[in-house]
Amino acid sequence: MEKIQRPKGTQDIFGKDASRWQAVESCFRKIMRQAHYQEIRTPAFEYTELFKRGVGETTDIVNKEMYTFEKGERSLTLRPEGTAGVVRSYVEQGMSRWPKPVKLYYMGPMFRYERPQAGRQRQFHQMGLELFGLDTPEADAEAISLAMDFFGSLELPNLALEVNNIGTAQCREVFKQGFQTLVTPYLAKLCQDCQNRFHSNPLRMLDCKIPADKEIYDLPEIKSFLEKDFTSDECQAHFAKLSDILSALEIPFKRNYRLVRGLDYYTKTVFEITSTHLGAQNAVCGGGRYNNLVEQLGGPATPAVGWALGMERLVSLLGDLENAGLDYYIVSDQPEYAFKVAKLLRAKNLAVEVNLSGKNFGKQFETAAKSGAPKILVLGEAEAKNQQVTVKIMADASQNSLSLRELLGSL
RNA sequence: GCGGGUGUCGCCAAGCGGUAAAGGCCCCGGAUUGUGGUUCCGGUAUACGUGGGUUCGAUUCCCAUCAUCCGCCCCA
C-alpha cells in the first residue's frame with residue numbers, strides 16, 4: 001500500500017519535542033494561574049464573518065490565508081488567530097457583566113493557508129492572554145510583563161521587546177492626512193504595495209521592507225513627523241505611563257515608530273517580542289491594545305489588551321530539558337509481584353516501567369540501562385517469596401535488598 | 001502568489017553513466033539462561049520521490065511533476 005503523509009505545513013509532535021511542549025504549557029499555566037487568569041477554550045472553527053469583521057477585511061490573513069469551507073447554510077473558517085474567538089465568546093457568554101477586569105488565557109492550534117518556511121506552519125499553535133475592561137497603561141504593562149516573566153522563567157536568551165503607540169482611530173486620521181501630504185511627492189517611486197496602502201491603510205506603509213521605500217520614510221521631514229508623534233495628548237500620556245512602569249520593572253524595551261502590525265484591530269499600544277535565533281520569522285510574541293473590537297463584534301464598548309505567542313517558535317528556542325523520565329525500572333520474572341510493586345510506587349507519584357519482555361535478566365538489564373532510569377528494582381523469585389525488593393543504583397552499580405515495606409516507607 | 005536549494009532503508013549518508021546500491025546510527029538475535037548502557041559476531045528492511053525523455057545501458061544526464069527546506073509577502 002502507498003503511504004499517506006501528513007498535509008503540507010503540519011507537524012507531528014512527539015518524543016523529545018512533546019516533553020518540551022509539555023514543559024512550556026505547564027509553565028504557562030502556572031504563570032497564568034498565579035496572575036489569576038482563567039483558561040478559555042473556544043472552537044477551532046467559527047463562522048467566517050467573525051474573522052472578516054474581527055481581524056479585518058483588508059488584512060492578508062482574511063484575504064488570502066483562511067481555510068474556509070461551506071457546510072449547510074453558513075460559511076465556516078478554521079481559526080487563523082485566537083483573539084476573535086475569545087472576544088466572540090466574551091460577548092456571547094455575557095462576560096461583559098463579570099467584575100472587571102476579565103482576564104483570560106488560551107492555547108491551541110491555529111490555521112493559516114500560507115507557504116510553509118522556517119517558523120511558519122499551516123497548522124501552528126498559539127498561547128495567549130486577553131485582558132478586558134481596562135483602558136489603563138497598567139493593564140498594558142501587566143500584559144507585557146507577564147509575557148516577559150514567562151520567557152524569563154523559560155530562560156530564553158536574546159529576546160528584544162519593541163513597543164509602539166499607534167493611537168486611536170482619530171489619531172490615525174491625523175496621521176493619514178499628514179503622512180499622505182508629506183509622501184505624495186514621492187508616491188511614484190514607492191513599491192506597488194505601498195502605493196496601494198497609500199489609500200487603503202497608510203499606516204501599514206511604515207513596515208515596508210523595501211530599502212528604497214525606507215529611505216524615503218527616513219527623509220528628515222517625514223521622520224520628524226513620525227517622531228514628534230501624531231497621536232493625541234491622551235494617547236501620548238498613556239504611552240508615557242506605560243514606559244515608566246516598564247522601566248520601573250526593569251523590562252528593557254525599544255520604541256519602534258515603524259511597528260504597526262498587520263491586524264486592523266489594534267489601538268494605542270502595540271508590541272512585539274523578537275528573537276535573533278529564529279531566522280526570517282523572528283517574532284515570537286506579538287500583541288497590543290484593541291479598544292474597539294468588542295463593540296465591533298456586537299458587544300458593549302469594552303477596552304482590552306492581549307497578546308499571542310507562537311509555540312513552535314518558542315519551543316525551537318528551548319534547549320534540552322533535563323530528562324524528566326523514569327524513576328524506577330523493574331526487572332523481573334515474577335509479573336504478579338512486579339505489577340503489584342509498580343502499582344504501589346505509582347501511587348506515590350513515581351514513574352515506573354515494568355519490563356514486559358519475559359526475557360532473561362541479562363537482556364532485561366540491557367533494556368533497563370537504555371531506559372535511563374536512575375534506579376532498577378530487581379524482583380525475582382526470592383524477592384517475591386519474601387516480599388522484598390532489590391534496589392540497584394545505576395550510577396554507582398551499588399545494590400541492596402530491603403523489604404517492600406521499608407522501600408515504601410522510605411519514599 | 002513569486003524566487004532558490006534538496007529528494008538514496010526509521011535516521012544520517014557514499015555513489016554522479018556500466019556488474020548483487022557502501023558505511024554509520026537505531027532496531028532485533030547471539031557470545032552472556034539473576035545483573036547493564038561502552039566489546040565482538042550475526043540479522044531484518046517494498047531505500048535511489050513519481051512520470052516521461054536521452055542512451056546499448058540511468059541512482060547518476062535532461063524535462064515535467066510531487067514533496068520538503070530556505071527566502072519574499074505577511075505573521076506567532
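Quick note on labels: first sequence line is chain A, next is B, and so on, each numbered from 1.
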Measuring only the [atom1] atom in each nucleotide, how far is [N] from [M]? A whole number of Å is fine.
{"N": "B/C73", "M": "B/C66", "atom1": "P", "result": "25 Å"}
{"N": "B/U65", "M": "B/G57", "atom1": "P", "result": "26 Å"}
{"N": "B/G10", "M": "B/G51", "atom1": "C1'", "result": "27 Å"}
{"N": "B/G23", "M": "B/G15", "atom1": "C1'", "result": "11 Å"}
{"N": "B/U68", "M": "B/U8", "atom1": "P", "result": "14 Å"}
{"N": "B/G18", "M": "B/C28", "atom1": "P", "result": "38 Å"}
{"N": "B/U44", "M": "B/G24", "atom1": "P", "result": "14 Å"}
{"N": "B/A22", "M": "B/G4", "atom1": "P", "result": "36 Å"}

For [X] and [N], give me the distance from atom [atom1] to atom [atom2], rounded to whole Å.
{"X": "A/Leu203", "N": "B/C74", "atom1": "CG", "atom2": "P", "result": "13 Å"}
{"X": "A/Ile376", "N": "B/G36", "atom1": "CD1", "atom2": "C1'", "result": "6 Å"}
{"X": "A/Asn282", "N": "B/C72", "atom1": "CG", "atom2": "C1'", "result": "14 Å"}
{"X": "A/Asp60", "N": "B/A76", "atom1": "CG", "atom2": "P", "result": "12 Å"}
{"X": "A/Ile393", "N": "B/G36", "atom1": "CD1", "atom2": "P", "result": "17 Å"}
{"X": "A/Glu65", "N": "B/C72", "atom1": "CD", "atom2": "C1'", "result": "13 Å"}
{"X": "A/Arg197", "N": "B/C73", "atom1": "CZ", "atom2": "P", "result": "10 Å"}
{"X": "A/Glu114", "N": "B/C72", "atom1": "CD", "atom2": "P", "result": "13 Å"}

With respect to the side chain of [X], which nucleotide from [options] is positioned closest?
{"X": "A/Met394", "options": "B/C73, B/G36, B/A76", "answer": "B/G36"}
{"X": "A/Gln5", "options": "B/G36, B/A67, B/G71", "answer": "B/A67"}
{"X": "A/Arg115", "options": "B/C73, B/C2, B/A76", "answer": "B/C2"}
{"X": "A/Ala369", "options": "B/G71, B/C73, B/G37", "answer": "B/G37"}

N/O (side chain, A/Gln281) to phosphate O (OP1/OP2, B/A76) under 4.0 Å: no
Check [Y] with [X], please: is the shortest side-chain N to carboxylate O separation under 4.0 Å?
{"X": "A/Lys103", "Y": "A/Glu142", "answer": "yes"}
{"X": "A/Glu49", "Y": "A/Arg74", "answer": "yes"}
{"X": "A/Glu162", "Y": "A/Arg258", "answer": "no"}
{"X": "A/Glu114", "Y": "A/Arg122", "answer": "no"}
{"X": "A/Lys241", "Y": "A/Asp244", "answer": "no"}
{"X": "A/Lys385", "Y": "A/Glu383", "answer": "no"}

Just by distance, with hydrogens left out, do [X] and [Y] show a side-chain donor and acceptor under 3.5 Å apart?
{"X": "A/Tyr290", "Y": "A/Glu130", "result": "yes"}
{"X": "A/Tyr67", "Y": "A/Gln123", "result": "no"}
{"X": "A/Ser401", "Y": "A/Thr390", "result": "yes"}

Between A/Pro116 and A/Lys64, who's closer to the 5' end of RNA chain B by nearest nucleotide? A/Pro116
Start at the 5' end of RNA chain B and walk down; is the nucleotide closest to A/Ala280 or to A/Arg112 reached first?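 Looking at the nearest nucleotide for each, A/Ala280 comes out on the 5' side.
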Once you apply a heavy-atom cut-off of 4.0 Å, does A/Ala368 come out as touching a base, just sugar-phosphate, or nothing?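 Nothing, no heavy atom under 4.0 Å.
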Runs of at least three consecutive Watson-Crick or G-U pairs, both distances under 3.5 Å, are what I'm after; which ones involve RNA chain B?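 Output for stems: B:1-7 with B:66-72, B:10-12 with B:23-25, B:27-31 with B:39-43, B:49-53 with B:61-65.
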Tell me, for nucleotides 28-35 of chain B in 5' to 3' order, what letter each nucleotide earns: B for a base near a protein heavy atom under 4.0 Å, S for only sugar-phosphate near one, - for neither? -SS--SBB
Take a 6.0 Å sphere around CZ of A/Phe253 and say whether it holds more than 12 heavy atoms from other residues, nucleotides or ligands. yes
Kindly indicate, with the supporting measurements, whether the criterion ring pair (Phe, Tyr, Trp, His ring centres under 6.0 Å) is fulfilled by A/Phe28 and A/Tyr105. CA-CA 9 Å; A/Phe28 183 61; A/Tyr105 77 90; 5.4 Å; yes
